[in-house]
Amino acid sequence: MDSPGPLTSTPSSQFDIVLTVNGASHRLAVDAQTTLLDALRDRLHLTGTKRGCDLGQCGACTVLLDGRRINACLMLAVMAQGRSITTIEGIAEDGALHPMQEAFVEHDAFQCGYCTPGQIMSAIGLLTESRETDDATIREHMSGNICRCGAYTNIVAAVRDAASRGA
Amino acid sequence: MLPFSYAAAPDTDTAMRMVGADTNAAFIAGGTDMLQLLQEAVIAPRHLVDINALPFVGVRFDQGSSRIGALTRLSDVADDPGIRQHFPLLAQALLETASPQVRNMATVGGNLLQRTRCLYFRDATVPCNKRRPGSGCPAQDGLNRINAILGGSEQCIAAYPGDMAVALLALDAVLVVQNAQGERRMSLDDLYRLPGETPQHETALRSGELITAVLLPPNTAAANSHYLKLRDRASFEWALVSVAAALQMDGSQVRRARVAAGGVGTTPWRLPRVEDALHGRELTADLARQAGELAGDGATPRTGNAFKVPMLQRAVERALVTAGGLA
């Protein structure tokens with residue numbers, strides 16, 4: 001796959017971009033308004049990342065961008081070229097669940113499951129940020145992820161557990 | 001979303017030229033407010049100019065003062081060890097801003113320039129003098145719980161919603177602004193305009209100008225500063241009322257005070273009468289209460305937010321007590 005050329009400084013509304021998602025390169029044609037979330041779900045059919053609000057207020061669309069957690073709905077796909085994106089589909093290795101996924105299962109940290117991919121990606125991002133891992137800090141630093149089913153208690157337990165195991 | 005074209009500016013001159021020449025063009029950096037405004041059709045720029053390649057990233061220190069590049073992500077400022085040590089008020093305000101995901105993308109410059117959360121501004125289907133000049137202000141006697149009690153006019157009572165700007169006011173921040181002629185500096189105080197008769201003009205920036213850095217003079221209040229944010233939820237929620245208090249103390253005596261409020265003004269709001277009541281005085285619980293009372297001077301409560309006046313007064317009192325070590 002050719003590496004992407006430099007982004008044009010000539011205004012355009014259609015772009016051929018290469019998105020690097022979970023280590024794989026994908027070439028796709030997008031218009032300027034296509035968000036990263038749109039591209040992941042509708043174009044690449046990676047539907048693990050969910051659309052909850054499209055306004056950056058719920059966190060269901062949380063992915064990692066160069067290892068840092070962001071809201072995919074708040075980024076234009078054309079601005080994600082050249083960056084490395086990790087989604088929920090990309091964290092299990094050789095069929096083995098990521099430790100954070102395991103912790104969510106063990107602690108029953110979801111009901112309907114809709115917010116769960118975003119919760120897991122956000123929690124993985126949190127643990128790379130070198131923060132304290134007491135419950136109050138976990139709650140505060142997971143506040144970008146809303147759970148309508150109210151699974152917060154178990155989500156905190158899962159994150160605490162994963163942190164203690166060095167996930 | 002309404003259609004627009006996009007271009008990534010390779011350098012500052014190109015960026016300024018593209019936006020300066022076209023009133024339908026706008027800068028995009030972190031995009032965390034821009035994407036919301038686009039999704040809800042609050043604004044409709046025809047051209048977006050991406051400025052992320054410009055060299056305005058990083059936090060530098062020089063003999064106690066700091067220079068923060070305007071493209072630095074909020075989380076990088078909040079987690080910077082030098083900022084945490086020398087400007088804890090700023091780090092504290094940032095950690096109470098938005099969510100971790102938003103902070104990882106949002107930039108300092110974009111955060112300063114964020115638009116109001118007024119319900120009518122953000123609803124493209126209703127009148128709004130800021131969004132559509134001359135169409136009216138339904139907030140005046142409408143759903144105005146989150147609107148301003150200071151600095152409003154008959155045309156507009158939209159509150160400035162940000163936290164970082166309030167803390168920066170209390171830290172005497174100066175902005176570096178670049179334009180086609182070169183560079184100019186302005187005190188953060190001078191960036192924001194009151195709505196008056198022209199609420200669509202929110203800042204003193206001219207078309208195409210770019211904020212490139214925030215300068216902070218050496219902080220004499222690091223040991224006695226506090227950011228207090230009062231809101232409906234414990235996190236990831238805008239301020240109903242917030243207060244930044246920065247005190248330079250000599251024992252229990254206040255040598256110098258800077259106090260600013262958020263959530264209550266149409267711009268980030270300095271409270272000079274509160275500051276003047278503190279200078280040279282011994283900080284006691286009584287003085288904090290008296291100073292807090294002064295914060296309500298000139299406030300105009302709205303039909304839906306009269307609670308903000310006593311809340312502001314008590315928040316100032318509480319912030320002073322905490323900053324002063326009396327808590």
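Note on naming: letters A, B, ... go to the chains in the order of the sequence lines (proteins, then strands), and numbering restarts at 1 for each one.
Considering only heavy atoms from C-beta on, A:Leu76 comes within 4.5 Å of B:Leu35 through its side chain.
With a 6.0 Å radius and a threshold of 12 heavy atoms from other residues, nucleotides or ligands, B:Arg46 has its CZ atom at or below the threshold. Within 6.0 Å of the CD atom in A:Glu132, the count of heavy atoms belonging to other residues, nucleotides or ligands does not exceed 12. Within a 6.0 Å sphere centred on CZ of A:Arg131, heavy atoms belonging to other residues, nucleotides or ligands number more than 12. The number of heavy-atom neighbours closer than 6.0 Å to CZ of A:Arg148, taken from other residues, nucleotides and ligands shown, is 12 or below. Applying the 6.0 Å contact sphere to CZ of B:Arg318 captures no more than 12 heavy atoms from other residues, nucleotides or ligands.
Atoms CD and CD, on B:Glu96 and A:Glu140 in that order, are 7.5 Å from each other to the nearest 0.5 Å. Expressed to the nearest 0.5 Å, how far OG1 of A:Thr10 lies from CE of B:Met18 amounts to 7.0 Å. With values rounded to the nearest 0.5 angstrom, A:Asp31 atom CG is found 8.0 Å from B:Phe4 atom CZ. The structure places CG of A:Leu74 at 12.0 Å from CG of B:Asn104, a figure rounded to the nearest 0.5 Å. Atoms OG and CD, on A:Ser143 and B:Gln101 in that order, are 8.0 Å from each other to the nearest 0.5 Å. Distance check: B:Ile28 CD1 to A:Met79 CE gives 4.5 Å after rounding to the nearest 0.5 Å.
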Discussion item. Assess the residue pair A:Arg68 and B:Met105 against the criterion (side chain to side chain contact (heavy atoms under 4.5 Å, CB included)); give the C-alpha distance rounded to whole Å, side-chain angles, the decisive distance to 0.1 Å, and a yes or no.
Written reply: CA-CA 9 Å; A:Arg68 301 221 311 191; B:Met105 295 176 75; over 6 Å; no

Worksheet item: Could you walk me through whether B:Thr32 and A:Met75 pass the side chain to side chain contact (heavy atoms under 4.5 Å, CB included) check?
Response: CA-CA 8 Å; B:Thr32 53; A:Met75 187 164 200; over 6 Å; no

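Contacts of A:Arg139 with chain B are absent, with no heavy-atom separation under 4.5 Å from either backbone or side chain. The part of B:Glu40 that comes within reach of chain A is its side chain, from C-beta onward, which places non-hydrogen atoms under 4.5 angstrom from that chain. Of the atoms belonging to A:Cys73, it is backbone heavy atoms, and not side-chain ones, that fall under 4.5 Å from chain B. Residue B:Asn52 touches chain A through its side chain alone, counting heavy-atom pairs closer than 4.5 Å. For A:Ser130, no part lies near chain B; criterion is any non-hydrogen pair under 4.5 Å. Neither the backbone nor the side chain of B:Leu38 comes within contact range of chain A, judged by heavy atoms closer than 4.5 Å. Neither the backbone nor the side chain of B:Arg233 comes within less than 4.5 Å of any heavy atom in chain A. Neither the backbone nor the side chain of A:Gln14 comes within less than 4.5 Å of any heavy atom of chain B. There is no contact between B:Ala53 and chain A, counting heavy-atom distances below 4.5 Å. If you measure heavy-atom distances from B:Arg73 to chain A, the contacts under 4.5 Å come from the side chain alone.
For the 3.5 Å distance criterion, the side chains of B:Gln36 and A:Asp54 fail to qualify, holding no donor opposite an acceptor.
Nearest approach of B:Tyr6 to A:Phe15, heavy atoms of both residues: O-CZ, 3.4 Å. Nearest approach of B:Pro100 to A:Gly144, heavy atoms of both residues: CD-N, 4.2 Å.
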